[in-house]
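Not measured: the values here are computed from a predicted model. Atoms within each ligand, like the ligands themselves, are counted from 1 in listed order.
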Amino acid sequence: MNTIFITGANRGIGLELTKQLAKEGNKILAGCRNLKGADELRILQKDFEHVHVMELAVDDEDSVDQCFKKLSENNQKIDLLFNNAGIIDWSDLNAVTFDSLEKVYRTNLIGALLVMRASVPCLRKSEQPLVVNLSSRLGSISLRGNTQLGGAIAYQCSKAALNMLTKQSAIDLSALGIRVLSMSPGWVRTEMGGSEAKYEVDESVRSMLQALRKLQPSDSGIFLGEDGKEISW
Ligand SMILES: NC(=O)c1ccc[n+]([C@@H]2O[C@H](COP(=O)([O-])OP(=O)(O)OC[C@H]3O[C@@H](n4cnc5c(N)ncnc54)[C@H](OP(=O)(O)O)[C@@H]3O)[C@@H](O)[C@H]2O)c1
């Protein structure tokens, strides 16, 4: 049984990761910022005794510290961390506001950094620790200008910055045996992705988990699609 921490586990891709990984028999630490709005997680918790709901707002440093302090004090091991929590603002360069830029960066970049850093003591207890940052093809600089949708400037910049976090932390944490990668789930039918998206959420998650199972021990500091193929930065 692996122990897996998932941020933003109460809906969308995070909830589906929780479902599929709990069904496989893993222990899930399911991060959620609003416990009152976590009905589906509560139901899962009833079905799977190894699902534990943890209060965690990734854009709040105190919340991150409290959550991981408790886990470290309890000597908790984490084998796999999904930095999944994320938000989008579709505004383009002309329309985006200072507040929105700040909010998107706080969640998608700073939140991911804080969670990854705070989880290191728990990750170090694992034999093969891995961090997966949920990124997006919209964060790929080299894909700009082709047919890929664009214009969500705050989101795109935040995911490009998240990719740099992946690359640099893969280097910084390699001495501790912690691997870090970015993964795009594809375009998925969630609240964020909308109803026109390519994948049902269960398809995307199944495909990502399959790709993660095929990773080589040396795979770190890379950017993968849901199909396991590398995406250029
Ligand atoms: N859907 C797509 O097509 C797509 C494509 C590429 C990448 N992604 C990435 O995949 C990840 C998941 O996306 P999704 O489609 O599942 O989005 P979603 O349906 O909008 O769900 C987002 C999740 O993140 C949580 N969250 C947001 N801000 C948070 C914060 N400050 N602290 C804790 N949790 C927070 C939300 O919690 P609340 O319920 O409390 O708001 C929710 O659980 C995101 O990082 C997204 O950028 C998605």
For the pair [X] and [Y], find out whether any cationic side-chain nitrogen is under 4.0 Å from an anionic carboxylate oxygen.
{"X": "Arg137", "Y": "Glu226", "value": "yes"}
{"X": "Glu24", "Y": "Arg213", "value": "yes"}
{"X": "Asp99", "Y": "Lys103", "value": "no"}
{"X": "Glu73", "Y": "Lys69", "value": "yes"}

Report, as yes or no, whether the 6.0 Å neighbourhood of atom CZ on Arg189 holds more than 12 heavy atoms from other residues, nucleotides or ligands.
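For Arg189, atom CZ is crowded (more than 12 foreign heavy atoms under 6.0 Å).
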
Using a strict cut-off of 4.0 Å, indicate which atoms of ligand 1 neighbour a heavy atom of [X].
{"X": "Leu56", "value": "32 (N), 33 (C)"}
{"X": "Asp59", "value": "31 (N)"}
{"X": "Glu191", "value": "19 (O)"}
{"X": "Thr190", "value": "1 (N), 14 (P), 15 (O), 16 (O), 19 (O)"}
{"X": "Ser135", "value": "6 (C), 7 (C)"}
{"X": "Gly12", "value": "16 (O), 19 (O)"}
{"X": "Met192", "value": "15 (O), 17 (O), 19 (O), 20 (O), 46 (C), 47 (O), 48 (C)"}

To the nearest 0.5 angstrom, please state how far the [atom1] atom of [X] sits from the [atom2] atom of [Y].
{"X": "Cys32", "Y": "Asn34", "atom1": "SG", "atom2": "CG", "result": "6.0 Å"}
{"X": "Leu29", "Y": "Phe68", "atom1": "CG", "atom2": "CZ", "result": "8.0 Å"}
{"X": "Met183", "Y": "Ser204", "atom1": "CE", "atom2": "OG", "result": "9.0 Å"}
{"X": "Asn26", "Y": "Leu80", "atom1": "CG", "atom2": "CG", "result": "8.5 Å"}

Taking the non-hydrogen atoms of [X], is any one of them nearer than 4.0 angstrom to ligand 1?
{"X": "Ile87", "result": "yes"}
{"X": "Arg189", "result": "no"}
{"X": "Ser63", "result": "no"}
{"X": "Ser204", "result": "no"}
{"X": "Thr7", "result": "no"}

Among all protein non-hydrogen atoms, which one is nearest to [atom], and what is the separation to 0.1 Å?
{"atom": "atom 27 (C) of ligand 1", "answer": "Arg33 NH2, 3.5 Å"}
{"atom": "atom 43 (O) of ligand 1", "answer": "Asn10 OD1, 2.7 Å"}
{"atom": "atom 12 (C) of ligand 1", "answer": "Asn84 OD1, 3.1 Å"}
{"atom": "atom 2 (C) of ligand 1", "answer": "Val188 N, 3.6 Å"}
{"atom": "atom 26 (N) of ligand 1", "answer": "Ala85 CB, 3.8 Å"}
{"atom": "atom 9 (C) of ligand 1", "answer": "Tyr155 OH, 3.9 Å"}
{"atom": "atom 32 (N) of ligand 1", "answer": "Val58 N, 3.0 Å"}
{"atom": "atom 20 (O) of ligand 1", "answer": "Arg11 NH1, 3.0 Å"}

Of Gly86, Gly31, Ala57, which has the heavy atom at the shortest distance from atom 22 (C) of ligand 1?
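Shortest heavy-atom distance from atom 22 (C) of ligand 1: Gly86.
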
Which of the listed options, Gly186, Ala197, Gly193, Ser136, holds the heavy atom that is closest to atom 4 (C) of ligand 1?
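Among Gly186, Ala197, Gly193, Ser136, the closest heavy atom to atom 4 (C) of ligand 1 comes from Gly186.
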
Geometric N/O contact [X] with ligand 1, under 3.5 angstrom:
{"X": "Pro185", "result": "no"}
{"X": "Trp187", "result": "no"}
{"X": "Ser184", "result": "no"}
{"X": "Gly8", "result": "yes"}
{"X": "Asn34", "result": "no"}
{"X": "Ala9", "result": "no"}

Assess, by modelled atom type and distance only, whether the side chains of [X] and [Y] contain a donor and an acceptor separated by less than 3.5 Å.
{"X": "Gln168", "Y": "Asp172", "answer": "yes"}
{"X": "Asn84", "Y": "Thr7", "answer": "no"}
{"X": "Asn2", "Y": "Lys27", "answer": "no"}
{"X": "Ser91", "Y": "Asp89", "answer": "yes"}

Is a donor on one side and an acceptor on the other found under 3.5 Å between the side chain of Ser232 and the backbone of Ser142?
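No, Ser232 side chain to Ser142 backbone: no donor-acceptor pair under 3.5 Å.
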
Glu61 side chain vs Leu114 backbone, donor-acceptor pair below 3.5 Å
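Pair absent, no side-chain N/O of Glu61 close to backbone of Leu114.
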
In terms of hydrophobic clustering (I, L, V, M, F, W, Y; side-chain heavy atoms under 4.5 Å; direct or indirect links), are Leu134 and Ile78 co-clustered?
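Result: no, two separate clusters.
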
Please say yes or no: joined through hydrophobic side-chain contacts below 4.5 Å, possibly via intermediate residues, are Met116 and Leu176 part of one cluster?
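They do share one cluster, since a chain of ILVMFWY contacts under 4.5 Å joins Met116 to Leu176.
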
For ligand 1, note which part of Arg106 has a heavy atom under 4.0 Å away: side chain, backbone, both or neither.
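No part of Arg106 is near ligand 1 at this cut-off.
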
Counting only heavy atoms closer than 4.0 Å, does ligand 1 sit against the backbone of Thr107, its side chain, both, or neither?
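The side chain, only.
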
